[in-house]
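Have a look at the structure below before the remarks.
Atoms within each ligand, like the ligands themselves, are counted from 1 in listed order. The figures that follow rest on heavy atoms only: side chains count, while hydrogens, waters and symmetry mates do not. This one's a predicted model, so the numbers in the text were calculated from it and none came from an experiment.
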Amino acid sequence: MKGMHYIDGKWLDSGDKLIDVMNPATGERVGTVPNGGKEEAKAAIDAAAKAFSSWSKKTVYERSELLMKWHDLLLEHKEEVAVILTKEMGKPLHEAIGEIEYSASFISWFAEEAKRLYGRTIPASHEDKRIQVNKQPVGVVVSITPWNFPAAMMARKMAPALAVGCTFVAKPAKNTPLTAVRMYELAEEAGFPKGVINLVTGSAREIGAAFTSHPDVRKLTFTGSTEIGKELMKQCADNMLNLSLELGGHAPIIILDDANLDLAVQGVMASKFRNAGQTCVCGNRIYVHRAIVDAFSTKLKEAVAKLKVGNGLDKDVMIGPLIDKEGYEKVDEHVQDAVEKGAEILIGGSGNTDNDAYFYQPTVLLNANHDMLVMKEETFGPVAPIMVFDEDDEAIRYANNTRFGLAAYLFTDSMSRGTAISEGLDFGIVGWNDGSPSSAQAPFGGMKESGIGREGGMEGLEAFVETKYISMKVR
Ligand code: ADP
């Protein structure tokens, strides 16, 4: 597949400057995209700025209709887009299809919800005054998204932005730009006017710098690492850009002694091993009550033993490759470090790196402690370290002892213990007996160094509007 930039309604290249997109399961080339930089970014922003005045003046009903056409086309083509996604990213095909459906759910939800972006009137303190509050689109939005959810991370930004009347420039991740290209082809078919949606591929550093320095940009929305998020936040200061940041996480999973163990194992499997552990909301450390640690570990081991590792396009594969060599080495380092510091490998613990493809066996570690890297840094791999606790307060303290605050999970059938723990957790998202809490209608985002702002839900729509207060003197 040969991807291109999409700027002002035209498909463009960058001469012979190309990026090879590789299949992480085979080491083979899947296709190419242009290796663009600041010129392409500038052209795309200029186009978006030009299109803003007419797009923002359309009624929300017109914009929603186009979004719904895009939604329908995406679902009609979901298998085909999912195959591209699996080829460039590695996740099992059933997960890729799930991601396309999940992406489509953001488009339809925001197409509907934007119709209810109400302002308000406020009783004034003077007889001759009226106070009105309006919501209006923030302006040109630029987005930078990561490789682990190439479709969903872009859709969840793009849908609300377009629905409220912003115009958009996307930069997908270098490893996974082809899914975005195909989604843009479908969006073009849906009929978005030229300049409303733009896509540039290439150098992250150059495009990021162009995004944050162009005077016509009003908002940057970024999903990626905390490290790059901080860098971008500094860059945004000069133009005082509006900013949403979805950054790293280090999710704790707390399993109490009264938990339904089958449900807990099911939740851990969903949270920990989905996408081979490469999501920012993946459980990273599992705290299990001492009374049930043996029973829980045995059940988890049985479930993990059933996971088939391989090429995501092959039938029954549940764990695809890690994205690249660096990702693999980090996972292996975390496991080696844990073993050196006293962890016991219950299952897994090694990988396979033939033919530039990096597979890691799903791994469960017992006797984890807080000196281990795996308990402190984002592993981004299929490794589940288990540490024992005795008291609920101790579990909350362990869980909160991190600079991150994205997702946390707890498993208990007790309303009172669960309520106390969920209220005590310093995390933006809490899954209670639920290993996969993300959904279009709920606010997703982190506290502390996991980011600023929320995506999804009403908050995800508010992220793309400015509030304007109009004070009217009526006589
Ligand atoms: P990940 O490990 O998920 O790739 P990164 O933060 O490295 O996390 O990358 C997330 C996205 O940010 C990718 O699209 C990447 O190309 C982009 N990116 C990386 N470095 C920069 C940078 N200096 N400026 C702008 N974007 C960047």
Spacing of E227 atom CD and E449 atom CD [to the nearest 0.5 Å]: 11.5 Å
By ring-ring contact (aromatic ring centres under 6.0 Å, His included) - contacts of F359 (at least two apart): none
Partners meeting side-chain contact (heavy atoms from CB on, under 4.5 Å) with N23 (sequence neighbours left out): A25, T26, V30, K87
Distance flag, aromatic centroids of Y287 and H370, threshold under 6.0 Å: yes
Where at least one partner belongs to residues 10-28, residue pairs that pass salt bridge (charged side-chain N to carboxylate O under 4.0 Å, His left out), sequence neighbours excluded: D20-R29
Under 4.0 Å from ligand 1 - residues by heavy atom, chain and number: I144, T145, P146, W147, K171, A173, A204, R205, G208, F222, T223, G224, S225, I228, E231, L232
Centroid-centroid under 6.0 Å between W147 and F380 rings: yes
